[in-house]
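To start, the structure under review is shown below, and the notes come after it.
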Amino acid sequence: VKITPDEVRETAELARLALTDEEVERLGRELDSILVFMAKLASVDVEDVPPMTHAVSLDCPLRDDAVGAQLPVDEALADAPAREGDFFQVPRIIAHDKEA
Amino acid sequence: LRFEPVIGLECHVQLQTRSKAFSSANASFGGSPNHYTDPYTLALPGTLPVLNRVAVEYALKMALATDCQIRRVSRFARKHYFYPDLPKGFQISQYDEPLAEKGRIRFVLDGETRSVSLIRIHMEEDAGKNIHVSGAPYSLVDLNRAGVALIEVVSAPEIHSAKEASEYLKAIRQLVRYLGICDGNMEEGSLRCDANVSIRPEGSTQLGTRTELKNINSFKHVQQAIEYEVSRQTQSIESGGRVIQETRLWDAERGTSHPMRSKEQAHDYRYFPEPDLPPLSVGDDWIETIKAALPELPIDRRARFIADYELSEYDAGVLSAEKEIADYYDAVVAAGADPKKAANWVTSEYLAQESPKISAVNLAKLIAMIESGAISGKIAKEVFANVFATDESPEEYVKRAGLAQISDENAIATICKEVIALNPKQVEQYRKGNTKLIGFFVGQVMKRTSGKANPEATNRLLEKLLHE
């Protein structure tokens, strides 16, 4: 396995991380060693081992559909760098990257 | 060369639970901005998701109503993208192990029953709402909707016209309303739809390059947006070009769409299993309980109305469209009314009123009074107009208003004779062969009796007397 600098940059871009060239080089090396480790795991014969679906074997706990306490709006907005009325104010969104 | 459209729809159905999917924040629509949040909604550090049982139940209802296979163990996954309306930086969704797969949506298209396969139904959470302030260097965010429970219903690419897409969507809306899991309000966004559209030469089985249409929030727009897209792609290919895989945003005001972004990059969501939620187990008991409580589905009800009550396709469609109306109609029939007459009354009189109060039993009584000859059909409409808002018993109203039909033939004959004596000219014309004038004589009798004379007896007696 060999991770290319471009793959590191693309992954960083997706995670909105700005990397210097030195970081790209170092992280590429570190990611490589992780992938080598994963490849080692993949080579283990698990033919007769039942799949482990989760680290702790438990069912998803469910809660009743009841409305609990709401945050007062001023508390909800307390850490916002900017607000307008009761809205969070954020840098202008260019409508090109929106998901449903 | 003719082209065939190939369409798949992805519908987001907002589940009408009281609280959000993974926290107990209020899930209602329309609160003041950012009044329905809690630390989890805001993704504050240390908060963890706890799944809403009713959200799972609603998702199961839809899955069972569409004949899906239910995964006994399904899994949640994180879908990553950065957007200000998504505080966590990811959306909890389901990816490779969704709750339900391989169902179908049945509906009627041009009188024929169609069945469109579903690829999957999975659970996820909604994002917040962005408000773009025109001209301003900033946008505004309201997180009330962030975290509200959704299901996504994904169809196979088996839809072949804009109209079919619109009927499919109507069927989904009807179904979720029948099931009581979503109000289906497309304007408020509780039902949203994206369409994947491609075209291919007729007869081909290969799929063409598709575009994804977003922002289509009414049945009309679904139809228009798809029609527009099909003709855009057709023109592009016919003029020697090709279709580019892209997401396009429908502009309802202009009736056109424009590309949103290049897809390859944006669709790298880096899904991975949600570490904060163990796999969701759904036992047979739970499935059986929900299945047993499912209402009769609209398409089945429509078919029953046609088969058992011999209603027209049209009437059966109108009467089965909404559960409340179908229940009402069934109750009128159960109260003894003739199914076809009941259908006429419900579709033409009852549904014409804003908020009719008349009970099914009283409407059945009214219909019975026409049958028995106690009142004429014309008087019955007058009675209806006076009792639909109050649910006063039609029998009492007829008594109170003195509207009982005159069925005493001697009394009717007397009036007929008077009318004949007063109109010698018309009598002469009638006897010369202008038999259409019978309507005139009937009208005169009705005028004298305020419409209370039994119309059948009036007709019969007039004809007899005029031929004497």
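Naming convention: chains lettered A, B, ... in sequence-line order (proteins, then strands); numbering from 1 in each chain. None of these values were measured; they are calculated from a predicted model.
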Within the structure provided, determine whether B:Leu280 and A:Leu62 are in side-chain contact (heavy-atom separation under 4.5 Å).
yes
Evaluate the side chain to side chain contact (heavy atoms under 4.5 Å, CB included) criterion for residues B:Thr37 and A:Gln70: first the C-alpha distance (whole Å), next the side-chain angles of each, then the deciding distance (0.1 Å), finally the verdict. CA-CA 5 Å; B:Thr37 73; A:Gln70 316 295 306; 5.9 Å; no
Q.
Less than 4.5 Å apart, side chain to side chain, heavy atoms only: is that true for A:Arg63 and B:Leu51?
A. no
If one checks every heavy atom of B:Ala136 against chain A at 4.5 Å, the contacting part turns out to be backbone
The interface call for B:Val56 against chain A, heavy-atom contacts under 4.5 Å, is side chain
Would you say that more than 12 heavy atoms from the other residues, nucleotides or ligands in this model lie under 6.0 Å from the CZ of B:Arg72, or not? yes
Bottom line for B:Leu140: the part with an atom under 4.5 Å from chain A's heavy atoms is both
Honestly, the part of A:Ala76 sitting under 4.5 Å from a heavy atom of chain B is both
The interface call for B:Leu86 against chain A, heavy-atom contacts under 4.5 Å, is neither
Practice prompt. Inspect the surroundings of CZ in A:Phe37 and state if more than 12 heavy atoms from other residues, nucleotides or ligands are less than 6.0 Å away.
Written response: no
Applying a strict 4.5 Å limit to non-hydrogen atoms, the region of A:Pro61 in contact with chain B is both
Cut-off 4.5 Å, heavy atoms of chain A, and the answer for B:Pro137 is backbone
If one checks every heavy atom of B:Pro39 against chain A at 4.5 Å, the contacting part turns out to be both
Original post:
Taking 4.0 angstrom as the limit, do B:Arg53 and A:Asp65 come out as a salt bridge?
Top reply: no
So, the part of A:Ala69 with a heavy atom under 4.5 Å from chain B: the answer is backbone
Next on the checklist: Looking at B:Asn34, is its backbone amide N or carbonyl O close enough to the side chain of A:Asp86 to form a donor-acceptor pair, meaning the two atoms are under 3.5 Å apart?
Outcome noted: no
Honestly, the part of B:Phe90 sitting under 4.5 Å from a heavy atom of chain A is neither
| B:Tyr138, OH atom: more than 12 neighbouring heavy atoms under 6.0 Å | yes
